[in-house]
There are 2 protein chains.
Amino acid sequence: MQLRGPVEWALHCCAVLAGLAPDRYLPTRDLADFHGVPKEYLSKALQALSQAGIVEGTLGPAGGYRLTRAPDRITFLDVVEAVEGRAPTFVCTNIRRNFPCLTATEKSQCTEARPCAVARVMWQADRAWRDSLRSVRLSDLLKTLSTDLSPGLQRRAAAWLDEHS
Amino acid sequence: MQLRGPVEWALHCCAVLAGLAPDRYLPTRDLADFHGVPKEYLSKALQALSQAGIVEGTLGPAGGYRLTRAPDRITFLDVVEAVEGRAPTFVCTNIRRNFPCLTATEKSQCTEARPCAVARVMWQADRAWRDSLRSVRLSDLLKTLSTDLSPGLQRRAAAWLDEHS
DNA sequence: TCATTACGGATATACGGTATCCTTAAGGAT
DNA sequence: ATCCTTAAGGATACCGTATATCCGTAATGA
């Protein structure tokens with residue numbers, strides 16, 4: 001069970017976009033160069049963010065992506081689910097239906113409406129994971145970064161992004 | 001990001017073993033038949049449980065697997081980590097090191113000892129997931145099953161397992 | 001001695017993640 | 001009006017891992 005590269009890229013891209021002026025668009029090319037990841041592949045993740053309504057893209061020169069709303073209204077869960085999908089981490093294959101000692105009635109009662117005890121526990125953990133991700137917003141990440149990163153680095157990063165507008 | 005079949009099988013197998021008499025061994029063959037899953041492949045999951053010290057196997061006729069300790073001393077997390085591994089769900093590729101505006105000093109400071117802000121949030125969610133799994137024991141699962149399943153089904157399941165001793 | 005069983009290595013197969021390329025359409029600059 | 005830039009998304013190739021099976025070995029009890 002593992003989150004893949006695009007999720008990490010998407011989160012870092014959102015952090016960059018959140019630090020920009022609200023009306024500014026940043027193209028895929030710059031986001032890819034800034035993070036050192038393949039542009040064409042990163043583009044897929046950004047498209048997923050766009051479809052989820054987290055960012056919006058605009059065409060033509062000076063085009064690119066920007067956030068659709070303020071960083072305090074975008075959670076980690078929004079980004080993760082946009083790229084990774086909303087499917088639960090645990091899939092119940094309804095293994096109960098295979099029990100050799102089931103009557104036809106009991107077998108028919110093994111439905112998604114009555115999830116099995118194992119699945120309920122696993123889904124509870126899934127909810128705890130999502131709740132944790134939902135509790136952190138991009139604005140929180142920005143605040144953390146502003147103390148984690150030296151002022152010099154912050155200035156240089158902003159300058160680099162300005163040059164490539 | 002998805003948990004795979006063997007995890008589900010392992011949990012259900014542990015539930016069965018937990019319901020057995022403490023000194024009784026149940027072979028892979030019966031566990032596979034009872035759950036309707038491929039025996040050879042299930043064997044891999046059981047071996048993982050064995051290596052993790054959750055179950056122990058014994059050879060020869062009347063051999064098989066049994067739990068190494070009481071069901072109230074085995075958590076869901078024990079089982080999940082035994083089969084799925086202990087690797088964190090989010091892997092930080094240290095994307096920071098790719099920033100084009102880093103000095104050599106700053107780049108060298110991007111070490112695992114100082115994880116990046118994004119990874120910290122993802123790992124916090126990972127901990128919430130594991131904490132939730134750790135809070136449920138096999139004994140809790142047994143109790144749930146005893147109320148979920150009809151007395152008749154419980155009796156028939158026990159009888160089926162007895163026949164195949 | 002023999003049947004049974006866990007254990008682990010080797011292997012085959014299928015699927016999904018990874019990555020790239022290309023075409024299309026749209027918007028801005030000249 | 002024309003050209004360049006860019007998002008958008010379809011098609012495709014590659015590779016790694018999950019899935020699944022088979023076999024040999026060793027140990028155990030009947």
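By convention in this document, chain letters (A, B, ...) are assigned in the order of the sequence lines, proteins followed by strands, and residues within each chain are numbered from 1. All heavy atoms count here, side chains included; hydrogens, waters and symmetry mates do not. Predicted, not measured: the structure shown is a model, and the values here were computed from it.
- In summary, A/Arg24 and A/Asp162 engage in a salt bridge, as defined by a charged side-chain N under 4.0 Å from a carboxylate O.
- The existence of a salt bridge linking B/Asp148 and B/Lys143 is excluded, since no basic side-chain nitrogen approaches an acidic carboxylate oxygen closer than 4.0 Å.
- Rounded to whole angstrom, the span from the CG atom of B/Leu49 across to the P atom of C/dA6 amounts to 13 Å.
- Listed pair B/Tyr65 / C/dC7 meets the phosphate criterion, a side-chain N or O lying under 4.0 Å from OP1 or OP2.
- Taking the six-membered ring where tryptophan is involved, the planes of B/Trp160 and B/Phe34 are tilted, since the angle between them lies from 30° to 60°.
- At the phosphate of D/dT6, neither OP1 nor OP2 sits under 4.0 Å from any side-chain N or O atom of A/Arg29.
- Each of B/Gly64 and A/Pro6 was matched to the nucleotide of DNA chain C holding its nearest heavy atom; the match closer to the 5' end belongs to B/Gly64.
- Scanning residues 39-48 of chain A for heavy-atom distances under 4.0 Å to DNA chain D yields A/Lys44, A/Gln47.
- Not one side-chain nitrogen or oxygen of A/Thr58 sits closer than 4.0 Å to the OP1 or OP2 atom of C/dG27.
- Counting to the nearest Å, the P atom of C/dA6 and the CG atom of B/Leu17 are 11 Å from each other.
- Comment: B/Arg69 engages B/Asp78 in a salt bridge, judged by a side-chain N to carboxylate O separation of less than 4.0 angstrom.
- A salt bridge does not link A/Arg96 to A/Glu106: none of the charged nitrogens lies less than 4.0 Å from a carboxylate oxygen.
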